[in-house]
Trainee: 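The structure that follows is given in the form of structure tokens.
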Amino acid sequence: MTILIKNANEVITLKSNAQGPRTKEQMQEIAVIENGSVLIEEERIVAVGAYEQLKADFPEIIKKAETIDATGKIVMPGLVDCHTHLVHGGTREHEFNMRLNGSTYMEIMNAGGGIHATTKRTRETSFDELYEKTMQHLDVFLKHGITTVEAKSGYGLDWETEKKQLEVAKELQAAHHIDVISTFMGAHAVPHDYKGREDEFVDVVVQEMLPKVAELELAEFNDVFCEKGVFTPEQSRRILEAGKALGLTPKIHADEIEPYQGAELAAEVGAISAEHLLVASDEGIRKMAEAGTIAVLLPGTAFFLRAPYARGRLMIDEGVPVAISTDFNPGSSPTMSLPFIMNLACMHMGMTLEEVLTATTINAAYALNRGEQVGSLEAHKKADVLILDVENYKQLQYFYGMNHTHTVIKNGQVVVQNGILLKDQ
């Protein structure tokens with residue numbers, strides 16, 4: 001299929017001469033083309049620029065193109081949601097009510113709620129039920145302009161359920177329009193039957209689960225919850241290094257509830273990203289900047305738990321590449337609206353309108369090792385393109401709490417039109 005998008009008020013390309021994820025002032029540079037056009041052939045972007053220039057350079061391709069008139073709208077890259085717990089059983093709205101009545105996240109978890117409650121439900125839920133539920137969630141993501149999503153396991157804490165989660169994600173990667181990128185997170189919590197024997201569970205993760213994940217090619221990344229009362233920095237290091245030896249790129253849930261040297265550990269083990277970081281130390285932030293570790297910040301979690309927000313402004317100023325994500329999960333961030341998360345980042349983490357666009361496109365793509373394929377509108381990249389029903393990019397956050405997605409093009413194919421998923425018609 002050949003598509004020409006023309007007459008857009010703005011085309012936000014995110015194109016840059018920078019190599020790798022954007023840092024500091026680079027995060028402000030979103031490369032806007034006014035009255036711009038995008039030419040797509042098959043699954044790839046051919047060119048981006050002024051219509052007259054594209055017509056002169058590619059007359060034969062334009063002759064056969066289906067034209068989409070984007071007058072009064074803006075065009076930008078598909079959004080990348082680089083931290084989710086996509087595949088899970090059940091919901092936990094009763095815990096939301098408990099928090100409103102004064103219980104803390106860790107109190108709920110220690111009482112058998114939290115991750116353990118979802119683990120129980122996920123173990124009980126069949127593969128087919130998980131598949132159908134997750135398919136529906138992916139449809140919602142797509143209608144909000146998300147074209148690439150990360151999916152963590154971690155609601156099994158035993159091999160069979162972890163494998164089930166990862167296999168659901170793998171099948172949906174093949175079946176759904178959205179690219180689903182898998183992360184193994186068997187070390188999301190310590191199972192009840194290993195309480196007091198945490199090192200033995202680490203042995204299970206390292207010696208039994210990780211080799212099977214690698215052998216079956218079920219995940220690209222390996223994550224661990226480094227948090228007081230969950231996994232220590234020493235245990236986390238062991239899990240991440242074991243995954244690296246098997247070819248799994250390390251990620252880490254770090255410094256979410258208490259400062260615990262998680263950011264420092266991320267830099268030391270060469271993690272592609274450290275995630276949450278609500279209470280990361282100054283030293284940890286400095287080390288992440290030096291190592292080029294991407295900070296994946298999750299303001300929806302702080303919002304929903306009524307916790308302090310991560311210091312996004314400081315991290316950017318210190319030279320840490322920052323991405324933001326929904327952290328979609330049933331306990332601490334049950335939202336699939338990345339546009340709302342962008343607004344929270346502006347309002348509560350000191351990020352600019354331009355920085356949140358960078359953080360949900362090119363930097364988020366690099367957090368999934370996809371920065372050379374998606375995250376910006378450039379020739380030869382995958383044609384993951386959004387048309388948004390606003391007059392300029394500043395209105396995306398000005399009109400908050402709304403879904404402005406008009407059209408989604410995924411791999412060169414129109415999959416959402418007029419805000420409607422085409423398979424729904």
Trainee: Between Gly270 and Pro250, which heavy-atom pair has the shortest distance, and what is it?
Mentor: O-CG, 4.0 Å
Trainee: Show me the donor-acceptor pairs within less than 3.5 Å that the side chains of residues 180-192 make with the rest of the protein, sequence neighbours left out.
Mentor:
residue : atom : partner : partner atom : Å
Thr183  : OG1  : Glu150  : OE2          : 2.7
His188  : ND1  : Gly154  : O            : 3.1

Trainee: Do Ile316 and Met351 have side chains that approach each other closer than 4.5 Å (heavy atoms only, starting at C-beta)?
Mentor: yes
Trainee: Has the side chain of Asn363 got a donor or acceptor atom that lies under 3.5 Å from a matching backbone atom of Arg22?
Mentor: yes
Trainee: Consider only side-chain N and O atoms of Tyr155 and Glu162, and report whether a donor and an acceptor are under 3.5 Å apart.
Mentor: no
Trainee: Under 3.5 Å, is there a donor-acceptor pair linking the side chains of Asp128 and Ser126?
Mentor: no
Trainee: Hydrogens and angles aside, do Thr91 and Glu93 bring a side-chain donor and acceptor to less than 3.5 Å of each other?
Mentor: yes
Trainee: Working to the nearest 0.5 angstrom, can you tell me the gap between Gln413 CD and Met1 CE?
Mentor: 7.5 Å
Trainee: Quick one, Ile115 and Phe225 - any side-chain contact, counting heavy atoms below 4.5 Å?
Mentor: yes
Trainee: Can you find a pair of side-chain heavy atoms, one from Thr13 and one from Ile33, that are under 4.5 Å apart?
Mentor: yes
Trainee: Verify the neighbour count for atom CZ of Phe58: are there more than 12 heavy atoms of other residues, nucleotides or ligands below 6.0 Å?
Mentor: yes
Trainee: So, Glu355 and Thr358: side-chain donor and acceptor under 3.5 Å apart, yes or no?
Mentor: no
Trainee: Is the Phe328 to His85 ring centre distance short of 6.0 Å?
Mentor: no
Trainee: Looking at Thr125 and Leu130, would you say the former's side chain and the latter's main chain have a donor-acceptor pair under 3.5 Å?
Mentor: no
Trainee: How many angstroms lie between atom CD of Glu256 and atom SG of Cys226, to the nearest 0.5 angstrom?
Mentor: 11.5 Å
Trainee: Is there a side-chain contact (heavy atoms from CB on, under 4.5 Å) between Lys381 and Gln373? Walk through the geometry before answering.
Mentor: CA-CA 5 Å; Lys381 279 197 166 185; Gln373 302 171 36; over 6 Å; no
Trainee: Would a distance-only check, ignoring hydrogens and angles, find a side-chain to backbone donor-acceptor pair under 3.5 Å from Asp223 to Lys152?
Mentor: no
Trainee: Do the numbers put Arg99 on top of the ring of Phe96, so that NZ or CZ is under 6.0 Å from the six-membered ring centre and no more than 45° off the axis?
Mentor: no
Trainee: Could you pull out all residues at least two apart from Thr335 that satisfy side chain to side chain donor-acceptor pair (under 3.5 Å)?
Mentor: none
Trainee: Under 4.5 Å between any side-chain heavy atoms of His276 and His83, yes or no?
Mentor: yes
Trainee: Rounded to the nearest 0.5 Å, what separation is found between the CD atom of Glu41 and the OG1 atom of Thr2?
Mentor: 4.5 Å
Trainee: Do any N or O atoms from the side chain of Asn343 and from the backbone of Tyr400 form a donor-acceptor pair under 3.5 angstrom?
Mentor: no
Trainee: Using every non-hydrogen atom in the two residues, find where Ile108 and Ser103 come nearest and quote the distance to one decimal.
Mentor: CG1-CB, 3.9 Å
Trainee: As an exercise, state the distance from CD1 of Ile45 to CD1 of Ile5, rounded to the nearest 0.5 Å.
Mentor: 8.5 Å
Trainee: Report yes or no: does His144 contribute a side-chain atom to a donor-acceptor pair with the main-chain N or O of Ile146 at less than 3.5 Å?
Mentor: no
Trainee: Evaluate the criterion salt bridge (charged side-chain N to carboxylate O under 4.0 Å, His left out) for residue pair Lys120 and Glu124; output intermediate values, then yes/no.
Mentor: CA-CA 6 Å; Lys120 182 175 184 295; Glu124 295 168 347; 2.7 Å; yes
Trainee: Lys73 and side-chain contact (heavy atoms from CB on, under 4.5 Å): which partner among His406, His404, Glu10?
Mentor: His406
Trainee: Compare every heavy atom of Ile341 with every heavy atom of Gly300, then report the nearest pair and how far apart it is.
Mentor: CA-CD1, 3.6 Å
Trainee: Does the side chain of His88 come under 3.5 Å of the side chain of Asn329 through a donor N or O and an acceptor N or O?
Mentor: no
Trainee: Would you find a donor on one side and an acceptor on the other, under 3.5 Å apart, between the side chain of Arg313 and the backbone of Gly350?
Mentor: yes
Trainee: Give a yes-or-no answer on whether the side chains of Thr161 and Asp158 include a donor-acceptor pair shorter than 3.5 Å.
Mentor: yes
Trainee: Take Lys164 and Glu160, measure what salt bridge (charged side-chain N to carboxylate O under 4.0 Å, His left out) needs, and give me the verdict at the end.
Mentor: CA-CA 6 Å; Lys164 179 171 65 175; Glu160 288 305 318; over 6 Å; no
Trainee: Taking Gln235 for the side chain and Thr232 for the main chain, is one N or O donor matched with an acceptor at less than 3.5 Å?
Mentor: yes
Trainee: Given Glu43 and Lys382, is the salt bridge (charged side-chain N to carboxylate O under 4.0 Å, His left out) satisfied, shown in steps?
Mentor: CA-CA 6 Å; Glu43 297 182 354; Lys382 289 176 66 171; over 6 Å; no
Trainee: Can you tell me how far apart CG (Asp389) and CG (Leu396) are? Round to the nearest 0.5 Å.
Mentor: 10.5 Å
Trainee: Using every non-hydrogen atom in the two residues, find where Glu95 and Ala117 come nearest and quote the distance to one decimal.
Mentor: OE2-CB, 4.0 Å
Trainee: What class does the angle between the rings of Phe127 and Tyr131 fall in, given that below 30° is parallel, 30 to 60° is tilted and above 60° is perpendicular?
Mentor: parallel
Trainee: What pairs of donor and acceptor atoms, side-chain ones from residues 287-297 against any protein atom, are under 3.5 angstrom apart with sequence neighbours left out?
Mentor:
residue : atom : partner : partner atom : Å
Lys287  : NZ   : Glu268  : OE2          : 3.4
Glu290  : OE1  : Arg286  : NH1          : 3.3
Glu290  : OE2  : Arg286  : NH1          : 2.4

Trainee: Hey, is the main chain of Tyr260 close enough, under 3.5 Å, to the side chain of Glu227 for a donor-acceptor pair?
Mentor: no
Trainee: Glu132: which residues meet the side-chain contact (heavy atoms from CB on, under 4.5 Å) condition with it, sequence neighbours left out?
Mentor: none
Trainee: Under 4.5 Å between any side-chain heavy atoms of His176 and Met135, yes or no?
Mentor: yes
Trainee: Please give me the minimum heavy-atom distance between Ala242 and Leu210, naming the atom from each residue.
Mentor: CB-CD1, 3.9 Å
Trainee: Do Met76 and Tyr393 pass the side-chain contact (heavy atoms from CB on, under 4.5 Å) test, and can you show the C-alpha distance, the side-chain angles, and the key distance before you say yes or no?
Mentor: CA-CA 9 Å; Met76 66 171 287; Tyr393 74 86; over 6 Å; no
Trainee: Roughly how far, to the nearest 0.5 Å, is CD of Glu167 from OG of Ser153?
Mentor: 11.5 Å
Trainee: A quick test of your reading: do over 12 heavy atoms of other residues, nucleotides or ligands sit less than 6.0 Å from NE2 of His380?
Mentor: no
Trainee: Looking at every heavy atom in both Ala151 and Leu86, which two are closest together, and how far apart are they?
Mentor: CB-CB, 3.8 Å
Trainee: What pairs with Asp282 under side-chain contact (heavy atoms from CB on, under 4.5 Å), at least two apart in sequence or on another chain?
Mentor: Arg311, Leu314
Trainee: I'd like to know if the side chain of Asp327 and the backbone of Ser332 have a donor-acceptor N/O pair within less than 3.5 Å.
Mentor: no
Trainee: List the atom pairs, with distances to 0.1 Å, where a side-chain N or O of residues 213-221 and a protein N or O form a donor-acceptor pair under 3.5 Å, not counting sequence neighbours.
Mentor:
residue : atom : partner : partner atom : Å
Glu220  : OE1  : Arg370  : NH1          : 3.2
Glu220  : OE1  : Arg370  : NH2          : 2.9
Glu220  : OE2  : Arg370  : NH1          : 2.9

Trainee: Please say which of Leu386, Leu422, Leu388 ends up in a side-chain contact (heavy atoms from CB on, under 4.5 Å) with Val408.
Mentor: Leu386
Trainee: Okay, side chain of Ser376, backbone of Glu378: is any donor-acceptor separation there less than 3.5 Å?
Mentor: no
Trainee: If you count heavy atoms of other groups shown closer than 6.0 angstrom to CD of Glu25, is the number above 12?
Mentor: no
